[in-house]
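Here is how names work: the chains are called A, B, and so on, in the same order as the sequence lines, proteins then strands, and each is numbered from 1. Only this structure's heavy atoms are used, side chains among them; waters, hydrogens and symmetry mates stay out.
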Amino acid sequence: MIIFVVLVFIFVFIYEAPELVEKEYWRELAVFTLLLLLGLVLSSLLVSGVKLPYIETVWIELGEGIHRVIQTSL
Amino acid sequence: MDQGKISPWQLTLLVMSFTIGNWIVLPAGTEAWQNLWLIMILALGEGLVFAYLSLLLFRRFPGKTLFEIFALVFGSVGGKFLSLLFLWFFLQTGAAALMIFVTLLKTTIFTATPDMALLVPWMLIVIYGCRRGIEVIARSNEPLIIATIVLLFISVLLVLNILDPANLLPLFNLPLSDALWISVGIAVFPFGQNVLFLMILPRVNRRQKVTGAVLKGMIGAGGYLLLIQFLTVGVVGKVGEIYVFPSYEFYRMIDIARVLTRLELIPLLNFMTMGFIKIMLCLYALAVGTAQVFNLRTYRPLVFPLGALLLIAAFRFAPSISQHLRFVEEVNPYFGLFYSVFLPLLTLGVALVRGWLRRRVTS
């Protein structure tokens with residue numbers, strides 16, 4: 001599965017990058033590559049079964065933490 | 001950047017679709033149940049006030065997106081920081097809609113289908129649409145919102161034989177403070193999420209009509225959601241409070257002479273079309289916003305990687321739908337107030353004070 005994910009991201013890079021190089025959009029190429037790498041790392045972690053935190057759980061725990069701090073300080 | 005232009009009418013329809021979005025199947029404030037459609041009138045009023053305040057920002061800086069306004073008001077560093085906060089808002093809003101989409105399909109029709117098989121083709125279409133620009137999004141939205149409205153009017157006729165007015169009672173049996181709090185929750189979700197349109201307004205060809213177009217879209221969507229909620233309560237009754245997707249259950253109960261039955265495809269279709277537009281607009285705002293943060297000349301190459309990030313965020317959004325409902329009830333009002341009211345008002349306030357100071361210095 002990881003190989004499939006890597007292949008998809010390589011395909012996208014091959015599809016997008018030449019046009020950006022041709023137009024000399026270096027800044028765009030850098031941001032695109034950075035975001036693609038971030039996506040690749042996160043998707044690889046996801047398909048290899050690494051338990052990434054849930055977004056809403058983080059918010060709920062953060063809210064509860066702030067609530068606790070306010071309660072103890074009062 | 002995107003050079004496409006849309007008309008005020010297309011903007012109105014986009015605002016309607018975006019607001020209807022995922023609320024159509026997963027309403028907030030269901031604890032108010034039979035009072036919910038009444039509370040929605042109050043929430044719509046609050047939402048219109050919030051939207052008007054945000055639109056004052058656009059009037060003061062015509063032709064500028066929210067991120068450009070941030071840069072002008074707070075300077076480069078402060079502006080970029082606030083822009084990053086809003087990028088997270090766009091990502092979270094899109095991921096939530098995507099998560100609800102997959103949860104609804106997995107719990108109703110495609111119970112044995114892997115999440116990937118549902119999400120990946122969906123995201124590919126969203127990415128394709130987003131790359132084509134706002135004009136294409138607006139044009140593809142037109143038939144979809146019209147179909148959604150027509151289906152609602154057909155639904156009204158279909159439920160006439162099973163709608164029990166007694167189900168709508170008792171009214172006003174909720175403490176005022178609870179009703180107000182629920183109305184704030186609805187004012188920020190779905191109405192407050194329209195703050196995203198501050199990224200799209202510069203693409204409207206007649207800027208003087210923007211305020212009216214946005215407010216009309218919100219009123220249209222509010223009326224639509226109010227009617228759906230009214231019908232759901234009237235048909236399903238008190239038991240509807242315990243359903244996760246009440247409007248889906250209400251369509252299941254339709255029975256016309258045992259011929260027209262099991263019409264739950266209608267809310268699914270409505271959500272798939274409106275949710276599709278909502279996710280596409282979130283991805284568009286995310287891509288255009290990211291391009292503006294990094295001062296890029298085009299947003300198009302960013303659409304795929306950001307679409308992949310949106311997909312990952314949807315996968316890791318909430319462990320269960322019950323936790324999502326808890327989030328909507330307990331956290332979302334604060335979260336929404338911060339993004340939909342506090343940040344636009346803060347920006348407007350700082351812009352007004354800076355303008356006043358500049359005038360005093362020059363005079």
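- At a 4.5 Å heavy-atom cutoff, B/Leu311 makes no contact with chain A through either its backbone or its side chain.
- Between B/Thr290 and A/Leu35 there is a side-chain heavy-atom pair separated by less than 4.5 Å.
- Heavy atoms of A/Val31 lying under 4.5 Å from chain B belong to its backbone as well as its side chain.
- Here CD1 of A/Ile60 is found 10.0 Å from NE2 of B/His324. Values are rounded to the nearest 0.5 Å.
- A salt bridge does not link A/Glu61 with B/Arg326: none of the charged nitrogens is closer than 4.0 Å to a carboxylate oxygen.
- The residue among A/Arg27, A/Glu19, A/Lys23 with the most heavy atom pairs within less than 4.5 Å of chain B is A/Arg27.
- Residues B/Met116 and A/Met1 meet the side-chain proximity criterion, which asks for heavy atoms closer than 4.5 Å.
- With a 4.5 Å cut-off on non-hydrogen atoms, B/Asn295 touches chain A through its backbone and its side chain both.
- In terms of heavy atoms, B/Phe327 sits closest to A/Glu56 at CD2-OE2, 3.2 Å.
- Per-residue heavy-atom pair counts under 4.5 Å with chain B were compared for A/Leu52, A/Leu36, A/Leu42, and the maximum is reached by A/Leu52.
- Contact count versus chain A (heavy atoms, under 4.5 Å) is highest, among B/Ala96, B/Gly307, B/Ala313, B/Pro319, for B/Pro319.
- In this structure, B/Ile312 and A/Ser43 have side chains that are in contact, with non-hydrogen atoms separated by less than 4.5 Å.
- With a 4.5 Å cut-off on non-hydrogen atoms, A/Val47 touches chain B through its side chain but not through its backbone.
- Shortest non-hydrogen contact noted between B/Pro301 and A/Phe32 is O-CD1, 3.0 Å.
- For A/Tyr25, the OH atom sits in a packed shell: over 12 heavy atoms of surrounding residues, nucleotides or ligands are nearer than 6.0 Å.
- Between A/Tyr54 and B/Phe317, the closest side-chain pair of non-hydrogen atoms is not below 4.5 Å.
- Sparse packing is recorded around CZ of A/Phe11, with 12 or fewer heavy atoms of other residues, nucleotides or ligands lying under 6.0 Å away.
- Of the two parts of A/Glu16, only the side chain, counted from C-beta on, holds a non-hydrogen atom closer than 4.5 Å to a non-hydrogen atom of chain B.
- Residues A/Glu28 and B/Thr298 have side chains that never bring a donor and an acceptor to within less than 3.5 angstrom of each other.
- Atom CD1 of A/Ile3 is surrounded by 12 or fewer heavy atoms from other residues, nucleotides or ligands within 6.0 Å.
- To the nearest 0.5 Å, the span separating CZ on B/Phe304 from OH on A/Tyr15 amounts to 11.5 Å.
- Using a 4.5 Å cut-off between heavy atoms, B/Gln323 touches chain A through backbone and side chain atoms alike.
- For a residue to count as touching a neighbouring chain, one of its non-hydrogen atoms must lie under 4.5 Å from one of that chain's; by this rule A/Val58 does not touch chain B.
- In this structure, no portion of B/Tyr299 lies under 4.5 Å from any heavy atom of chain A.
- Heavy atoms of B/Leu296 lying under 4.5 Å from chain A belong to its backbone as well as its side chain.
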